[in-house]
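Below, chain A is the first sequence line, B the second, and so on; all start at residue 1.
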Number of protein chains: 2
Amino acid sequence: MTKAALPGLSLCNNATLRRAGRKLGRFYDDVLAPSGLKGTQYGLLYQIHIGSEPAMGAIAEALIMDLSALGHTLKPLIRDGYVETFADKDDRRVKRVRLMPQGRAKLDEAMKLWSVAQQRFEAMVGKDEAAKLRAALDAVAALDFDMPPAR
Amino acid sequence: MTKAALPGLSLCNNATLRRAGRKLGRFYDDVLAPSGLKGTQYGLLYQIHIGSEPAMGAIAEALIMDLSALGHTLKPLIRDGYVETFADKDDRRVKRVRLMPQGRAKLDEAMKLWSVAQQRFEAMVGKDEAAKLRAALDAVAALDFDMPPAR
DNA sequence: TTTGATTAGTGGCATATGCCACCTTTGCGG
DNA sequence: CCGCAAAGGTGGCATATGCCACTAATCAAA
């Protein structure tokens with residue numbers, strides 16, 4: 001009896017989610033590798049693609065990520081000429097992002113690879129199961145963790 | 001009808017998982033904040049705690065993380081005196097990790113906060129749902145993504 | 001035993017994410 | 001019109017993760 005008695009960290013919702021994330025992330029990254037994009041970058045490009053020259057704040061909100069984190073993540077994509085940012089015409093505080101032709105092409109290229117990863121994954125867990133999992137994860141992402149602290 | 005026509009990135013298993021991870025991660029991090037530990041550090045300390053002075057490789061495998069990534073992540077914990085590493089007696093290639101008294105105390109302290117986060121989360125999604133989600137995530141973590149590329 | 005393959009980690013480099021302090025622009029009142 | 005609070009980003013700093021090249025210690029085959 002090793003020590004299975006102790007509650008493994010599979011009991012922690014957060015740890016379990018992170019662990020699965022590392023695993024799945026590496027899989028998608030591997031499949032996307034030929035395009036030179038990471039899974040996160042692919043997702044970011046896609047999000048920009050489906051938006052209408054979205055503002056950084058809008059992207060951050062959609063991806064549920066910190067605005068500054070988005071700024072950092074965007075840098076390599078700008079550096080590589082995939083996207084470009086520009087000030088909003090009406091509100092100069094707002095900075096919008098748009099895909100450049102090269103980014104568009106790269107997205108198309110990566111999309112094919114993404115399909116492979118997506119299909120391979122769903123073939124393993126089952127399309128229904130995958131959909132259920134995504135639904136559950138979306139539900140988590142939509143939760144309102146308002147801290148009681150305060151005001 | 002905004003542009004819901006385009007397949008949102010909620011269709012990508014990887015993006016969905018990452019997004020939920022960011023959200024949940026911040027929640028656990030916020031609750032654990034008073035202890036000074038991040039959710040990842042808590043999980044790592046816990047993993048070391050339930051092991052018998054585990055080797056780095058064993059920890060990395062359990063957490064499904066890159067060995068070098070584990071090394072990096074371990075540094076702040078060593079610096080703060082929570083854990084210590086030492087060479088295995090029989091195989092000097094192996095480096096084992098053990099909790100220091102201070103780490104033990106910190107873990108106990110953080111565990112209380114963790115319970116709060118865990119309970120608050122499960123109160124929102126339901127204990128059963130949470131268990132199902134963890135099971136699904138563990139299943140993903142256990143998948144064997146063997147590339148066909150190969151050899 | 002000598003050598004070559006394997007195993008376990010390290011260090012450097014790059015991206016992913018967050019928080020916080022700060023700077024600009026706006027929006028509002030007064 | 002002035003001054004101030006709110007909104008939207010930026011930069012710096014710290015942790016989280018990976019990959020790759022390299023080193024040290026073992027192991028196995030000749």
TODO: Treat primed atoms plus P, OP1 and OP2 as sugar-phosphate and everything else as base, then score nucleotides 13-19 of chain C 5' to 3': B for base contact with protein heavy atoms under 4.0 Å, S for sugar-phosphate contact only, - for none.
DONE: B-SSBBB
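- At the heavy-atom level, B:G57 lies under 4.0 Å from the strands shown only through sugar-phosphate atoms.
- Ring-plane geometry between B:F145 and A:F27 is classed as parallel, the angle between the planes falling under 30 degrees on a 0 to 90 degree scale with a further cut at 60.
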Which donor-acceptor pairs under 3.5 Å do the side chains of residues 57-69 of chain B make with protein atoms, sequence neighbours left out?
residue: B:D66; atom: OD2; partner: B:S68; partner atom: N; Å: 2.8
residue: B:D66; atom: OD2; partner: B:S68; partner atom: OG; Å: 2.5
residue: B:D66; atom: OD2; partner: B:A69; partner atom: N; Å: 3.4

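- Residues that satisfy the side-chain contact (heavy atoms from CB on, under 4.5 Å) test with B:P76, not counting sequence neighbours, are B:Q41, B:R79.
- Applying the side-chain contact (heavy atoms from CB on, under 4.5 Å) test to B:R98 and every residue at least two apart in sequence or in another chain returns B:E53, B:E84, B:F86.
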Task: From CA spacing to verdict: side-chain contact (heavy atoms from CB on, under 4.5 Å), A:L37, A:Y82 - done: CA-CA 11 Å; A:L37 290 179; A:Y82 296 151; 3.9 Å; yes
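- Residues passing the side-chain hydrogen bond (donor to acceptor under 3.5 Å, both in side chains) test with B:Q119: none are found, sequence neighbours excluded.
- Considering OG of B:S35 and OH of B:Y42, their distance stands at 9.5 Å, rounded to 0.5 Å.
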Task: Reading 5' to 3' through nucleotides 23-28 of chain C, protein heavy-atom contacts under 4.0 Å coded B for base, S for sugar-phosphate only, - for none - done: -BBS--
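- Protein atom CE of A:M56 is 12 Å distant from nucleotide atom C1' of D:dG11, rounded to whole Å.
- For the atom pair B:T85 OG1 and B:I78 CD1, the distance stands at 4.5 Å (nearest 0.5 Å).
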